[in-house]
Amino acid sequence: MRPVSRSSSKSGNRRSSSKRASFLTRSRSSSKGKPDWDLIGLTIEESPSPEKVLADKRKQFEDESRQQNLLQVREQRQRRGFDESQKAKLLQLMMKHGDGSIRIAWRRHFDQDGDGDLDFGEFCQGLCKIGYIGDVISLWRELGGVKENCITLQAVDYSGAEIVGYFSNWCAATFPKGPFEFFTKLDDDDSNSLTAEEFADGLEEYGFFK
């Protein structure tokens with residue numbers, strides 16, 4: 001083993017001390033007084049501040065919420081267009097099977113018990129009778145059946161519902177048994193039917209037009 005001279009040892013110590021002094025000097029002069037860890041081959045990433053973390057999370061939440069709202073609006077528009085087309089198909093079929101009148105189709109094929117509203121079972125039976133083919137659940141929802149648990153004539157024929165409502169109220173005020181009594185009084189021949197002329201004569205006779 002080769003002996004190390006004292007002068008060589010001192011020279012090495014001086015070089016080591018010089019490097020140490022240079023490192024400390026550069027460390028002290030670095031920004032914000034923090035050591036320059038790159039001098040020794042280390043890269044230290046600073047942890048983000050709580051404010052930055054909160055801001056990043058808020059931005060992420062806002063972006064996700066905005067995207068979700070856009071998707072909901074798009075789905076609602078698509079659903080609205082789909083439901084309106086289904087409702088239009090229903091009204092066309094009702095006109096066809098009601099001799100041009102939605103309220104006649106309602107009374108003839110849907111509201112056969114005459115109570116003025118339909119539950120889901122009655123609604124489905126009426127759709128089968130007029131040959132409707134489509135998304136029944138979507139149509140039921142569009143007509144307000146989910147919210148009210150039933151639908152009325154007003155959902156498909158607002159003006160017709162107003163006329164029927166006025167006539168029903170008049171019958172209830174004029175005859176103790178309502179429309180049924182009015183009908184039986186006009187059906188003199190027991191045919192269980194009235195012509196348009198017989199119906200108009202009966203309205204005039206009992207003061208409907210006064």
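All residue numbers in this chain count up from 1 along the given sequence. FYI, side chains are in, hydrogens and waters are out, and symmetry mates aren't considered; it's all heavy atoms of this structure.
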*asked:* Any heavy-atom pair between the side chains of Arg107 and Val164 that's under 4.5 Å?
replied: no
_Keeping His97 on the side-chain end and Ile130 on the backbone end, is there a donor-acceptor pair under 3.5 Å?_
yes
_From CZ (Arg108) to CE (Met94), nearest 0.5 Å_ = 11.0 Å
*Grab the two heavy atoms, one from Ala155 and one from Leu143, that are nearest each other, plus how far apart they are.*
CB-O, 3.6 Å
*Would you find more than 12 non-hydrogen atoms of other residues, nucleotides or ligands less than 6.0 Å from Phe167 atom CZ?*
yes
_For Cys171 versus Pro179, what's the shortest heavy-atom pair and its separation?_
CB-N, 3.6 Å
*Under a 4.5 Å cut-off applied to non-hydrogen side-chain atoms, are Val156 and Leu90 in contact?*
yes
*Out of curiosity, does Ile104 fall in the hydrophobic cluster containing Leu91 (side-chain heavy atoms, cut-off under 4.5 Å, transitive links)?*
no
*Are Phe209 and Ile163 connected in the hydrophobic side-chain network, where two residues link if heavy atoms are under 4.5 Å apart?*
no
_From Thr195, Asp201, Leu203, residue fulfilling side chain to side chain contact (heavy atoms under 4.5 Å, CB included) relative to Phe199_ = Leu203
*asked:* If you count heavy atoms of other groups shown closer than 6.0 angstrom to CD of Glu204, is the number above 12?
replied: no
*Gln154 vs Glu162 side-chain heavy atoms within contact, under 4.5 Å*: yes
*Test item: Phe120 and Asn149 side chains (from C-beta on) under 4.5 Å apart, heavy atoms*: no
_Take a 6.0 Å sphere around OH of Tyr158 and say whether it holds more than 12 heavy atoms from other residues, nucleotides or ligands._
no
*Are the side chains of Leu194 and Phe183 in touch, meaning some heavy atoms are under 4.5 Å apart?*
yes
*How close do Glu198 and Leu186 get, heavy atom to heavy atom, and via which atoms?*
O-CD1, 4.1 Å
_Minimum-distance pair of heavy atoms, taken over all atoms of Glu181 and Phe175_ = OE1-CB, 3.6 Å
*Lys129 side chain reached by Phe110 side chain, heavy atoms, under 4.5 Å*: no
*What is the minimum heavy-atom distance between Lys89 and Ile133, and which atoms define it?*
NZ-O, 3.0 Å
_Glu122 and Asp113, any side-chain heavy atoms less than 4.5 Å apart_ = yes
*Check for a donor-acceptor pair, side chain of Asp135 on one end and backbone N or O of Leu139 on the other, with a separation under 3.5 Å.*
no
*Is there side-chain contact between Asp111 and Asp117, with heavy atoms separated by less than 4.5 Å?*
no
*Spacing of CZ belonging to Arg141 relative to CD belonging to Gln86, to within rounding of 0.5 Å*: 11.5 Å
*State yes or no: do Leu153 and Val146 share one hydrophobic cluster built from I, L, V, M, F, W and Y residues joined by side-chain heavy-atom distances below 4.5 Å, directly or via other members?*
yes
*asked:* For a quick test of reading the model, state the closest non-hydrogen atom pair linking Trp106 to Ile151 and the distance between them.
replied: CH2-O, 3.7 Å
*Could you walk me through whether Trp170 and Tyr206 pass the ring-ring contact (aromatic ring centres under 6.0 Å, His included) check?*
CA-CA 10 Å; Trp170 175 79; Tyr206 289 100; 7.4 Å; no
